[in-house]
Amino acid sequence: MTDSEVRVPDVGSDDPVDVIEISVNVGDEVELEQTLVVVESAKATVEVPAPRAGTITEVCTQVGKQVKTGDLIFRIKPQALATSDEEE
């Protein structure tokens, strides 16, 4: 099974928005609705939440970059697929 892609949701603007904060790193465990990234347009600042719980496997953007609706920003290994040998 593959990682899930997290893309920029509709943030109310067709114009590119600026990535002003990345709240997680590769390897971080995230919960459903946890803030992953904060983007800013001319009109609003928007926190983009995790669409599912899991482990961040790739960060596909960076602070200062401009993104638009539909751009790939993260890859997450869904929690049901994540394994941890450390808890044995």
For residues 58-73, run the donor-acceptor check on the side chains, cut-off 3.5 Å, and write out each pair with its distance to 0.1 Å, sequence neighbours left out.
{"unit_1": "Glu58", "atom_1": "OE1", "unit_2": "Arg75", "atom_2": "NE", "d": "2.8"}
{"unit_1": "Gln66", "atom_1": "NE2", "unit_2": "Asp18", "atom_2": "OD1", "d": "3.1"}
{"unit_1": "Asp71", "atom_1": "OD2", "unit_2": "Lys68", "atom_2": "N", "d": "2.9"}

Table please: side-chain donor-acceptor pairs of residues 36-47 below 3.5 Å, with sequence neighbours left out.
{"unit_1": "Glu40", "atom_1": "OE2", "unit_2": "Thr45", "atom_2": "OG1", "d": "3.3"}
{"unit_1": "Ser41", "atom_1": "OG", "unit_2": "Lys43", "atom_2": "N", "d": "3.1"}
{"unit_1": "Ser41", "atom_1": "OG", "unit_2": "Ala44", "atom_2": "N", "d": "3.1"}
{"unit_1": "Ser41", "atom_1": "OG", "unit_2": "Ala44", "atom_2": "O", "d": "3.4"}
{"unit_1": "Glu47", "atom_1": "OE1", "unit_2": "Thr35", "atom_2": "OG1", "d": "3.1"}

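Considering CZ of Phe74 and CG of Asp28, their distance stands at 9.5 Å, rounded to 0.5 Å.
Here Ser23 pairs with Glu21 under the side-chain hydrogen bond (donor to acceptor under 3.5 Å, both in side chains) rule; sequence neighbours left out. Here Gln34 pairs with Val24, Val30, Glu31 under the side-chain contact (heavy atoms from CB on, under 4.5 Å) rule; sequence neighbours left out. Every salt bridge (charged side-chain N to carboxylate O under 4.0 Å, His left out) that Arg7 has, sequence neighbours left out, goes to Glu5.
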